[in-house]
4 protein chains.
Amino acid sequence: MPKVSDAYKEEKRAALLDAALYCFANRGYEATTIDDIVRHAKVSKGAIYNYFKSKEEIFLTILESRNDNFFLDIRAHFHACPDATSKLRHLLGRLRSLPIDPDRRRWGLVHVEFWLYASRQPELEAMIERQYGTFIDLYQEILLEGKASGEFRPDLDVAAASSLLLALRDGVNLHLYLISKNHPFETAMAEMEDMLLRYLKN
Amino acid sequence: MPKVSDAYKEEKRAALLDAALYCFANRGYEATTIDDIVRHAKVSKGAIYNYFKSKEEIFLTILESRNDNFFLDIRAHFHACPDATSKLRHLLGRLRSLPIDPDRRRWGLVHVEFWLYASRQPELEAMIERQYGTFIDLYQEILLEGKASGEFRPDLDVAAASSLLLALRDGVNLHLYLISKNHPFETAMAEMEDMLLRYLKN
Amino acid sequence: MPKVSDAYKEEKRAALLDAALYCFANRGYEATTIDDIVRHAKVSKGAIYNYFKSKEEIFLTILESRNDNFFLDIRAHFHACPDATSKLRHLLGRLRSLPIDPDRRRWGLVHVEFWLYASRQPELEAMIERQYGTFIDLYQEILLEGKASGEFRPDLDVAAASSLLLALRDGVNLHLYLISKNHPFETAMAEMEDMLLRYLKN
Amino acid sequence: MPKVSDAYKEEKRAALLDAALYCFANRGYEATTIDDIVRHAKVSKGAIYNYFKSKEEIFLTILESRNDNFFLDIRAHFHACPDATSKLRHLLGRLRSLPIDPDRRRWGLVHVEFWLYASRQPELEAMIERQYGTFIDLYQEILLEGKASGEFRPDLDVAAASSLLLALRDGVNLHLYLISKNHPFETAMAEMEDMLLRYLKN
DNA sequence: CATGAATGAGGATTCATTCAT
DNA sequence: TATGAATGAATCCTCATTCAT
């Protein structure tokens with residue numbers, strides 16, 4: 001019989017995750033200590049182990065949840081997109097808005113860190129493949145819709161193209177995270193749209 | 001009158017770097033201990049500090065040297081490339097050859113790890129910008145040559161395009177490093193070539 | 001709501017300082033390892049870092065606290081001293097009681113070690129000057145009181161004399177710490193009192 | 001059959017001792033590494049072990065030799081001193097000249113460091129007692145001469161007084177080494193002479 | 001459930017000394 | 001003898017996790 005409500009627990013859990021994300025983003029996963037996190041969350045050191053069983057679990061929980069939310073958010077926005085081209089443009093628009101938000105840039109690094117981390121741990125391979133697969137599915141859906149509607153050329157190889165688009169997206173993301181100045185992101189992004197549409201439309 | 005020849009020292013240094021790269025690649029930079037490295041190199045723990053002053057220096061030395069060698073190698077191959085298109089194809093060819101070599105995949109992860117590492121240390125910002133700049137310059141050269149020769153369209157925005165191409169390359173690399181199976185890399189790579197040429201030539 | 005009372009923490013902290021002083025006294029600061037200290041205090045290695053952030057901090061804390069206590073103790077005893085001469089005699093009496101206590105001799109060496117240590121670290125210069133200044137002030141007070149009361153001769157150079165007396169005290173201390181046998185300390189101490197009174201009184 | 005002359009060896013040995021003294025004086029005994037010394041002496045690391053069998057031996061050799069030289073020097077100067085008072089004044093004069101020579105101040109710290117070091121090692125007790133004894137003998141000689149000549153009062157306790165004078169000397173030395181500023185050493189030294197003569201002469 | 005003190009296995013680095021050449 | 005690379009024990013400090021209260 002718990003003494004506190006589930007809502008309270010959930011809130012605390014979320015606060016801990018927020019604090020952890022903040023620390024991971026600023027210091028990196030390895031460099032972040034449990035002390036950093038609890039200090040930030042204004043919680044005692046022992047308490048955190050009532051909510052998560054290890055630092056790794058916190059890390060994985062954050063990544064899962066951010067991925068899930070990302071998809072929910074995308075799907076929500078897609079409702080307002082009448083066709084494949086506008087969906088694609090929406091995705092490109094997300095990239096474009098990145099440079100102006102330093103927080104989101106730092107968060108991006110956590111994702112990359114997770115990929116590295118997971119790539120060394122066989123038991124996390126499944127997680128990474130699943131996340132990758134979800135993205136691929138999303139891109140394939142759009143491409144298929146575009147083919148069906150005639151927006152995109154009929155001979156487009158959907159499987160290959162979605163994998164290519166995703167790589168392009170992550171590459172641009174990565175550079176946005178890492179390179180902080182003197183690079184023509186704005187125009188490069190416009191070029192990207194140009195390149196993609198040339199490629200997809202015929 | 002040193003007791004050992006410079007060649008011997010250079011060899012040993014190289015052996016230590018190799019051992020370190022092996023460990024970094026398999027375990028990651030943070031997770032690799034000096035003990036791991038010296039065990040692998042079959043030297044004593046103290047010995048390594050005759051060659052490098054810290055674990056970080058080893059890491060940075062590896063990254064610098066791999067980058068330098070990469071460029072030397074590229075430049076060497078470019079001599080056999082008569083025009084911009086063939087240079088571009090050479091670069092794409094390097095990407096293509098990646099999936100079949102598990103070692104090179106693991107090494108790639110070390111580069112990504114370095115980016116992350118460097119992005120959190122202000123004093124390494126210069127190094128990352130320099131490496132990035134070197135790549136950008138390489139791409140710009142090719143694009144400019146292609147424009148001059150008429151291979152590429154005259155209105156191509158070279159600065160933006162090179163930044164875009166580099167992002168695409170790193171994104172594809174990243175996915176190659178991370179995703180190990182069930183993905184149509186071969187065809188995706190062909191699509192990439194198709195996409196790029198559509199974009200550049202028109 | 002801390003798990004343990006402040007009193008408990010204070011006690012433990014004091015126990016750690018005691019253990020450290022014991023080790024410093026017997027082995028010296030440099031030769032004492034954190035392992036020595038925690039073994040002596042019967043705590044785990046990590047525990048000590050909940051109380052002090054470094055071996056140096058432990059050292060400095062001990063020295064500061066011993067100095068402070070020394071002054072409190074002196075001041076307390078001075079209440080029972082009606083004039084400057086008796087205060088001076090009290091200070092001399094402290095020196096006299098040293099040879100019979102081997103512990104206090106060893107502790108004295110720790111103070112000397114601190115002087116050496118501090119003299120090599122610019123950031124500790126202030127600490128050493130402060131401690132020195134506190135002693136000088138104490139001696140000056142006594143000498144001024146003695147001059148005012150007519151106990152000491154009116155032309156006494158208080159600044160120079162206090163510096164001289166302090167040097168004499170520390171020299172005697174040093175020899176007491178270092179030389180363990182075959183030396184006529186008792187009579188030397190009596191001579192010292194004789195010398196000082198001849199000098200001060202005229 | 002040595003390949004180099006004894007003179008060469010002796011020179012090198014001396015150079016190593018000089019370098020070591022320099023390092024000990026500036027960094028302290030513990031903090032000085034063999035590397036420091038050989039770098040300073042421009043000698044290889046292995047070579048030093050052809051001359052001394054350990055860092056400790058170097059330390060002890062320096063201290064012995066400095067002590068010996070000190071006595072030779074004193075004795076040489078004493079030839080020009082017609083009576084006990086002038087001998088005493090010569091010793092005081094040495095103290096006086098200290099503050100102006102930063103090197104000698106630093107060297108003094110090495111002596112103190114040696115005392116500390118030796119006081120923790122039973123096998124060095126003899127060395128410290130011997131050095132102490134040599135000084136005591138020197139002082140006793142002077143005092144006895146002064147008593148015999150009528151310069152000093154006939155009831156002077158020579159054993160106690162010499163021990164007292166030596167303590168005073170070392171105390172003043174110590175403060176000179178440690179306290180670098182704002183203290184009236186000049187006048188304190190004059191006061192010391194005054195005090196001693198009052199005490200010795202009656 | 002919360003607290004934060006305690007634990008102790010590591011980890012990077014140092015350094016006196018040895019020894020092959 | 002000289003050289004300086006090699007050795008590896010020793011050291012300080014960190015930090016995820018546990019657990020008594």
Side-chain angles (χ1 to χ4, degrees), chain A residues 1-5 8-9 12 30-39 42-58, chain B residues 1-5 8-9 12-13 30-38 41-58, chain C residues 1-5 8-9 12-13 30-38 41-58, chain D residues 1-4 8-9 12 30-39 43-58:
Chain A
M1 185 192 331
K3 299 198 190 72
V4 302
S5 68
Y8 171 87
K9 282 200 64 169
K12 196 143 194 180
E30 308 265 11
T32 294
T33 67
I34 294 287
D35 268 322
D36 287 335
I37 301 174
V38 298
R39 204 177 310 125
K42 294 189 209 310
V43 152
S44 79
K45 202 170 181 177
I48 205 170
Y49 287 91
N50 289 329
Y51 296 89
F52 306 96
K53 72 181 208 305
S54 69
K55 185 178 157 187
E56 185 188 47
E57 194 188 86
I58 299 174
Chain B
M1 181 194 332
K3 238 273 283 346
V4 301
S5 67
Y8 170 90
K9 282 206 74 168
K12 188 132 197 182
R13 206 182 129 93
E30 310 265 12
T32 294
T33 69
I34 293 287
D35 267 325
D36 288 335
I37 300 174
V38 298
K42 294 188 211 308
V43 294
S44 73
K45 204 176 196 164
I48 205 167
Y49 288 94
N50 283 336
Y51 296 88
F52 306 96
K53 69 181 206 307
S54 68
K55 184 178 155 187
E56 186 188 47
E57 194 188 85
I58 298 174
Chain C
M1 181 193 334
K3 235 276 279 352
V4 301
S5 66
Y8 170 89
K9 281 206 76 171
K12 188 133 199 181
R13 206 181 129 94
E30 309 264 12
T32 295
T33 68
I34 292 287
D35 267 325
D36 288 334
I37 300 174
V38 299
K42 293 188 210 309
V43 296
S44 74
K45 203 177 202 162
I48 206 167
Y49 288 94
N50 283 336
Y51 296 87
F52 305 97
K53 71 184 205 305
S54 68
K55 185 179 153 185
E56 186 188 48
E57 194 187 85
I58 298 174
Chain D
M1 185 191 335
K3 299 197 192 68
V4 301
Y8 171 87
K9 282 200 65 172
K12 196 142 191 179
E30 308 265 11
T32 294
T33 68
I34 293 288
D35 268 322
D36 288 335
I37 300 174
V38 299
R39 205 178 308 124
V43 150
S44 79
K45 202 171 182 176
I48 204 168
Y49 286 91
N50 288 328
Y51 296 89
F52 305 96
K53 70 181 212 303
S54 69
K55 186 178 157 187
E56 185 187 47
E57 196 189 83
I58 300 174

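Throughout, protein chains are lettered first and strands after them, A, B, ... in sequence-line order, and every chain is numbered starting at 1.
- For C:Tyr49, the listed nucleotide lying nearest its side chain is F:dC13; candidates were E:dG4, E:dT17, F:dC13.
- Within the 4.5 Å cutoff, the side chain of A:Lys12 has no heavy atoms near those of the A:Asn50 side chain.
- Rounded to a whole Å, the CZ atom of C:Phe52 is 16 Å from the C1' atom of F:dC13.
- Residue whose closest nucleotide on DNA chain F sits further toward the 5' end, between A:Gly46 and A:Thr33: A:Thr33.
- Rounding to whole angstrom units, CD1 of residue C:Ile34 and P of E:dG11 are separated by 20 Å.
- Among the nucleotides F:dT1, F:dT17, E:dA16, the one closest to any side-chain atom of A:Lys55 is F:dT17.
- Residues D:Glu57 and D:Tyr51 share a closest heavy-atom pair of OE1-O, 4.0 Å.
- For the pair C:Lys42 and B:Ala31, both in contact range of DNA chain E, the more 5′-proximal nearest nucleotide belongs to C:Lys42.
- In this structure, CZ of C:Arg13 is placed 13 Å from P of E:dA6, rounded to the nearest angstrom.
- Atom CD1 in A:Ile37 sits about 10 Å away from atom P in F:dT17, given to the nearest Å.
- The side chain of B:Ser44 lies closest to F:dA6, out of F:dA6, F:dA2, E:dA6.
- Residue B:Ile48 contributes atom CD1, which lies 15 Å from atom P of E:dG11 at whole-angstrom precision.
- Across B:Glu30 and B:Lys55, no two heavy atoms sit closer than the pair O-NZ, 3.3 Å.
- Place C:Lys53 and B:Tyr51 on DNA chain F by their nearest nucleotides, and B:Tyr51 ends up nearer the 5' end.
- The base of F:dT1 does not come close enough to the side chain of D:Lys9 for any donor and acceptor atom to sit less than 3.5 Å apart.
- Comparing F:dC12, F:dA2, F:dA5 by their nearest atom to the side chain of D:Tyr8 picks out F:dA2.
- When rounded to the nearest whole Å, the span between CD of C:Glu56 and P of F:dT11 equals 18 Å.
- At the phosphate of E:dC1, neither OP1 nor OP2 sits under 4.0 Å from any side-chain N or O atom of A:Lys12.
- Side-chain nitrogen and oxygen atoms of D:Asn50 include at least one within less than 4.0 Å of the OP1 or OP2 phosphate oxygen of F:dA2.
- When both pairing distances are held under 3.5 Å, E:dA5 makes a Watson-Crick or G-U pair with F:dT18.
- With respect to D:Lys45, the side chain to side chain contact (heavy atoms under 4.5 Å, CB included) criterion is satisfied by exactly one of D:Ile37, D:Asp35, D:Thr33: D:Asp35.
- C:Lys45 comes within contact range of at least one nucleobase, with a heavy-atom separation under 4.0 Å.
- Separating the CG atom of A:Asp35 from the C1' atom of E:dG4 is a distance of 10 Å, rounded to the nearest angstrom.
- The CD-C1' distance, from B:Glu30 to F:dC15, rounds to 14 Å in whole Å.
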